[in-house]
Number of protein chains: 2
Amino acid sequence: MARPQAFDTQEALHCAMHVFWRKGYEATSLSDLLQATGLSKSSLYATFGSKHDLMLKAFDKYRTDRQLDMSRMLDVTPARPGIEAFFRMIVEDVRSPEQGSGCMSINQAVELAPHDTEIRCRIESDFQAIEQALAHAIDRGQADGSVTAKCPPADLAKLMVVAFPGLQVLTRSGIERLRVDEGLALVLALLD
Amino acid sequence: MARPQAFDTQEALHCAMHVFWRKGYEATSLSDLLQATGLSKSSLYATFGSKHDLMLKAFDKYRTDRQLDMSRMLDVTPARPGIEAFFRMIVEDVRSPEQGSGCMSINQAVELAPHDTEIRCRIESDFQAIEQALAHAIDRGQADGSVTAKCPPADLAKLMVVAFPGLQVLTRSGIERLRVDEGLALVLALLD
DNA sequence: ACCATTTAGGACCGATAGGTACAAAACTAA
DNA sequence: TTAGTTTTGTACCTATCGGTCCTAAATGGT
């Protein structure tokens, strides 16, 4: 019928996602996106719509990807190492120079959520999902004895969902590794 | 000698600070600053230099102002209510529509710190100051019995310095008030 | 009154932002 | 081979960005 697309839509979305993840929304320019995806301007607009539309699609991709990562990470037995790995991941993710910059949901909670309803709803649901997953893992941890039973799982999960963005921000602010690691250790010690 | 300035430099800096505080750096345009301060472009540049210079000056003003606030808030007896007020302040500060948006240091830790050394140094010292002030308050709290003695002040302070940006991000992401309040209560319960 | 000096207003600058329009190119079905 | 459809490259658009420059207005000292 007609000329076929010369690029893979999902792959382009993946590239765009990484740019938004690393640089945030405002700091990402159209030309950044064109360069990262390799598309021409017209292809990009025809395929994804505006920059904001693309951001939403990229963010949604990020969210489903990460949701899966989180499940895999937290659904191990005993539960404790999974939780610890989850928290270590944020910190190391922020530190790694190119992979991204920590959790994109947290970054967007700061950048866009205050003024953008569509982003805000997604983030609200993300934090809720994290809390639920943590609560579930802690619950199992209490059952298998790897997590202290002196505190309700829901409360521990809520506390850790506060610590989660806290650690990311601290790491991102360029504070010495050692200090962040101490904070991380203390957060994990709440599980004792 | 010469024509006198028609504006108060400190007052203009104060206005500029509030804009940067509320909107962040990139989202604040020159015209935002001109409108907020009431200055003409030439006056602004003659007085403060570039946008980035102005940001640094505004940020420094914010930091000294807040350092004072924090000291006043945490230097009370018994110590516990001061600590609680300090944490309640962040949350309420983010919620209040016009005052600002939580702690500017945290906002800048996310926006500029990763790429801007001058900002990063300031923020590092800010977090250190907060931790010290908290540690000192907790120490006094343990002495006057308002804070649990089952944990070293330094550890408790480190934990709370993680919770501090965590609560701000959670609040800023537009999550229901109730859920943030629960998180806040649990953080403060660490002092029991 | 006048001069030296500094402020203030605004025109102007190049660069870049996000976004649109359009025509040529590439492909498939007939 | 050609008709019909979609993609793609490029030129172009307006708005705005941070920043400079120059002139005119305002002032205090002499």
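Residue numbers start from 1 in every chain, and the chains themselves are labelled A, B, ... in the order their sequence lines are given, proteins ahead of strands.
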Exercise. Where does the angle between the aromatic ring planes of F86(A) and F164(A) fall among parallel (under 30°), tilted (30 to 60°) and perpendicular (over 60°)?
Worked result: parallel
For this session: Would you mind classifying the nucleic acid contact of A46(B) as base, sugar-phosphate or nothing, using non-hydrogen atoms under 4.0 angstrom?
Result: nothing
Exercise. Can you tell me how far the CZ atom of F87(A) sits from the CG atom of L167(A), to the nearest 0.5 Å?
Worked result: 7.0 Å
For this session: Indicate whether the side chain of D8(A) and that of H14(A) have a donor and an acceptor atom separated by less than 3.5 Å.
Result: no
Problem set entry | R63(B) to F59(B), cation-pi by 6.0 Å centre distance and 45° axis angle | yes
Exercise. Do we get K51(B) above Y25(B)'s six-membered ring, with its NZ or CZ under 6.0 Å from the centre and within 45° of the axis?
Worked result: yes
Which whole-number value in Å describes the distance from [X] [atom1] to [N] [atom2]?
X: L54(A); N: dG18(C); atom1: CG; atom2: P; value: 11 Å
X: D8(A); N: dT7(D); atom1: CG; atom2: C1'; value: 16 Å
X: L34(B); N: dG10(C); atom1: CG; atom2: P; value: 12 Å
X: Q35(A); N: dA17(C); atom1: CD; atom2: P; value: 12 Å
X: F48(A); N: dG18(C); atom1: CZ; atom2: P; value: 16 Å
X: F7(A); N: dA26(C); atom1: CZ; atom2: P; value: 17 Å
X: M55(B); N: dC17(D); atom1: CE; atom2: P; value: 18 Å
X: L39(A); N: dT10(D); atom1: CG; atom2: P; value: 14 Å

Quick one, [X] and [Y] - any side-chain contact, counting heavy atoms below 4.5 Å?
X: I83(A); Y: M73(A); result: no
X: C103(B); Y: R66(B); result: no
X: D53(A); Y: F48(A); result: no

For this session: Kindly calculate the angle separating the two end axes of the helix from dA1(C)-dT30(D) to dA30(C)-dT1(D), each obtained from five base pairs, and round it to 10 degrees.
Result: 10°
Exercise. Salt-bridged, E118(B) to R122(B), with N to O below 4.0 Å?
Worked result: no
Exercise. Checking side-chain contact (heavy atoms from CB on, under 4.5 Å) for the pair V110(A)/V169(A): CA distance, chi angles, key distance, verdict?
Worked result: CA-CA 10 Å; V110(A) 175; V169(A) 169; 5.5 Å; no
For this session: Could you check which residues of residues 113-120 of chain A get a heavy atom under 4.0 Å from DNA chain C? Sort them by number, please.
Result: none
Each nucleotide N or O in nucleotides 18-22 of chain D that has a protein N or O under 3.5 Å away: list the pair and distance.
residue	atom	partner	partner atom	Å
dG18(D)	OP1	T28(B)	O	3.3
dG18(D)	OP1	K51(B)	NZ	2.8
dG18(D)	OP2	L30(B)	N	2.6
dG19(D)	OP2	Y45(B)	OH	2.8
dG19(D)	OP2	K51(B)	N	3.0
dG19(D)	O5'	Y45(B)	OH	3.3
dG19(D)	N7	K41(B)	NZ	3.1
dG19(D)	O6	K41(B)	NZ	2.3

Problem set entry | Under 4.0 angstrom between S40(B) side-chain N/O and dA8(C) OP1 or OP2 | no
Exercise. Can you find a side chain N or O atom of S43(A) that sits less than 4.0 Å from OP1 or OP2 on dT7(D)?
Worked result: no
Exercise. Step by step, would you call Y45(A) with K41(A) a side-chain contact (heavy atoms from CB on, under 4.5 Å)?
Worked result: CA-CA 6 Å; Y45(A) 272 88; K41(A) 200 179 264 198; 4.0 Å; yes
